[in-house]
There are 2 protein chains.
Amino acid sequence: MRRSITDRIEQYIKVLINRSDLQQIEIQRAELAETFSCVPSQVTYVLSTRFSYKDGYITESRRGGKGFVRITRVKSDAGSCSRVQADIKDLIAHLKEDQHLGESEARLLQDLLFTLFMDLSKEQRHLVLSKLVEAMARYSGLQTD
Amino acid sequence: MRRSITDRIEQYIKVLINRSDLQQIEIQRAELAETFSCVPSQVTYVLSTRFSYKDGYITESRRGGKGFVRITRVKSDAGSCSRVQADIKDLIAHLKEDQHLGESEARLLQDLLFTLFMDLSKEQRHLVLSKLVEAMARYSGLQTD
DNA sequence: AACTTAAAGGTCAATAATAGTCAAAGGGGA
DNA sequence: TCCCCTTTGACTATTATTGACCTTTAAGTT
């Protein structure tokens, strides 16, 4: 049973994503086409038929020198939710302590952040969370100065 | 991940700004070009494509002896006009209108969300933003009931 | 002070390096 | 055979890199 080039490229990309840390890889379209001895536009075809948002992926790209195609798997992972939610609660608690937020604003922010995180993969959540911590640190710094 | 010279220069500048106290740095165009082994006009290219006012930065310069380029990250309310930032502003404004947030809480939330969004890709931003809108709608619904 | 020179940074257009689009042609299975 | 998915390639769009030439500023000279 001989599989099509499209199928083989699809599998190849999925393996790379599985091996990645952040459910995200970057490829060069022309290079990948070279690897599979096909025209570059076939890679575009694979992306649009197998890696659409409906399929659970986001693709972005940049043209020009050192251009790339970035493919990200967006998948929620209920298991890791509780951990990150706990972290968010901690952060909110700190902001309340420091008088930056009142009770109802804190609940609003917490609710927003929970919802915000729900559709990200586990790895993405941790990335975003670290950004949030950074932002809070910076904000606190500005406030106390 | 960051491949092109333009990307590396962008990253370098952002690190310097992050380390600075006043969200502001001064560089010498020729020296920076030397560091990255490129022509000076490439630095100008980086500034115009990555550090425009729309991107949330102000750049000033002086020619001649002891010349410099000064790059300043401006505060969010100064009018960072990217699409997503504008959307966030809208959302925050609605919450203020509906009395869910006071002035200072609104500013805190806006600052947090901006920072949060900075390192997400464009596609991720739109995904996350839609979640944010959902959360806000849900929150508003709960409040008015 | 007026002039000159050297030392910055700015502009712009050409070229190179990627990726996207779209429609036509190909091919294999129901 | 016919349909649908795949494969191809010519043309387009976007982004990065480079270099020749221009403008501004500071410092030195007369």
Side-chain angles (χ1 to χ4, degrees), chain A residues 1-14 16-17 24-55 57-72, chain B residues 1-14 16-17 24-72 82-84 119-126:
Chain A
M1 159 109 45
R2 178 132 180 292
R3 285 150 79 204
S4 66
I5 294 181
T6 293
D7 285 341
R8 288 192 289 122
I9 294 177
E10 177 192 359
Q11 288 311 308
Y12 180 79
I13 291 174
K14 285 183 172 171
L16 290 185
I17 292 178
Q24 177 176 283
I25 61 164
E26 279 180 19
I27 58 167
Q28 300 225 277
R29 191 181 75 146
E31 190 187 295
L32 189 54
E34 177 70 22
T35 301
F36 286 90
S37 304
C38 63
V39 295
S41 58
Q42 178 135 19
V43 174
T44 306
Y45 175 75
V46 173
L47 294 177
S48 64
T49 58
R50 310 296 159 87
F51 295 91
S52 70
Y53 183 72
K54 188 171 73 60
D55 299 316
Y57 296 87
I58 288 171
T59 61
E60 306 158 86
S61 65
R62 199 165 69 194
R63 305 184 189 187
K66 298 298 195 317
F68 61 82
V69 174
R70 178 162 43 216
I71 309 162
T72 308
Chain B
M1 254 354 184
R2 306 212 97 149
R3 304 186 159 80
S4 64
I5 294 181
T6 293
D7 284 340
R8 288 189 289 119
I9 295 176
E10 175 192 3
Q11 196 63 36
Y12 180 81
I13 291 174
K14 284 184 172 170
L16 290 185
I17 293 178
Q24 179 179 94
I25 61 164
E26 279 180 19
I27 58 167
Q28 301 231 277
R29 191 180 76 145
E31 189 187 296
L32 190 54
E34 176 69 22
T35 301
F36 286 91
S37 304
C38 63
V39 294
S41 58
Q42 178 137 18
V43 174
T44 305
Y45 175 75
V46 173
L47 294 177
S48 65
T49 59
R50 311 290 213 260
F51 295 92
S52 70
Y53 186 70
K54 185 167 83 60
D55 299 316
Y57 297 86
I58 289 172
T59 61
E60 307 158 87
S61 64
R62 197 168 67 197
R63 306 184 188 188
K66 300 284 170 39
F68 61 84
V69 174
R70 178 161 47 218
I71 308 163
T72 309
S82 89
R83 173 66 192 289
V84 171
D119 276 358
L120 297 181
S121 63
K122 180 178 149 201
E123 296 296 334
Q124 287 174 326
R125 279 180 191 155
H126 283 295

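Each chain gets a letter, A, B and so on, in the order its sequence line appears, and its residues count up from 1. This structure is a prediction, so every number in the text was calculated from the model and none was measured. All values below come from the heavy atoms of this structure, side chains included, with hydrogens, waters and symmetry mates left out.
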Report the nucleotide, chosen from [options], that has the shortest atom-to-atom distance to any side-chain atom of [X].
X: B:Arg62; options: D:dA26, C:dT11, D:dT6; result: D:dA26
X: B:Val39; options: C:dG20, C:dA8, D:dG19; result: D:dG19
X: A:Val69; options: C:dG20, D:dT8, D:dT7; result: C:dG20

[X] [atom1] to [N] [atom2]: how many Å, rounded?
X: B:Arg3; N: D:dT17; atom1: CZ; atom2: C1'; result: 18 Å
X: A:Gln42; N: C:dG27; atom1: CD; atom2: P; result: 13 Å
X: A:Leu47; N: D:dC5; atom1: CG; atom2: C1'; result: 17 Å
X: B:Arg29; N: D:dT17; atom1: CZ; atom2: C1'; result: 14 Å
X: A:Ile5; N: C:dG26; atom1: CD1; atom2: P; result: 16 Å
X: A:Ile27; N: C:dA17; atom1: CD1; atom2: P; result: 20 Å
X: B:Glu34; N: C:dG9; atom1: CD; atom2: C1'; result: 16 Å
X: B:Ile71; N: C:dG10; atom1: CD1; atom2: C1'; result: 15 Å

Quiz item: Base, sugar-phosphate alone, or nothing: which one does A:Gly67 contact when heavy atoms must sit under 4.0 Å apart?
Solution: sugar-phosphate
Think [X] has a side-chain N or O under 4.0 angstrom from the OP1 or OP2 of [N]?
X: B:Arg50; N: D:dA16; result: yes
X: A:Thr49; N: D:dC5; result: no
X: B:Thr6; N: D:dT17; result: yes

Quiz item: Taking atom types as they are modelled, is there a donor-acceptor pair under 3.5 Å from the base of C:dG20 to the side chain of A:Arg63?
Solution: no
Exercise. Tell me which of B:Tyr45 and B:Ser41 sits closer to the 5' end of DNA chain D, going by the nucleotide each one is nearest to.
Key: B:Tyr45
Quiz item: Can you tell if the side chain of A:Val69 reaches within under 4.5 Å of the side chain of A:Thr44, non-hydrogen atoms only?
Solution: no
Quiz item: Does A:Glu10 reach the side chain of A:Thr49, with side-chain heavy atoms less than 4.5 Å apart?
Solution: no
Quiz item: Does A:Phe36 CZ have over 12 foreign heavy atoms under 6.0 Å away?
Solution: yes
Quiz item: In this structure, are over 12 heavy atoms from other groups packed under 6.0 Å from B:Glu34 atom CD?
Solution: no
Quiz item: With distance as the sole criterion, is a donor-acceptor pair present between the side chains of A:Arg50 and A:Thr6 under 3.5 Å?
Solution: no
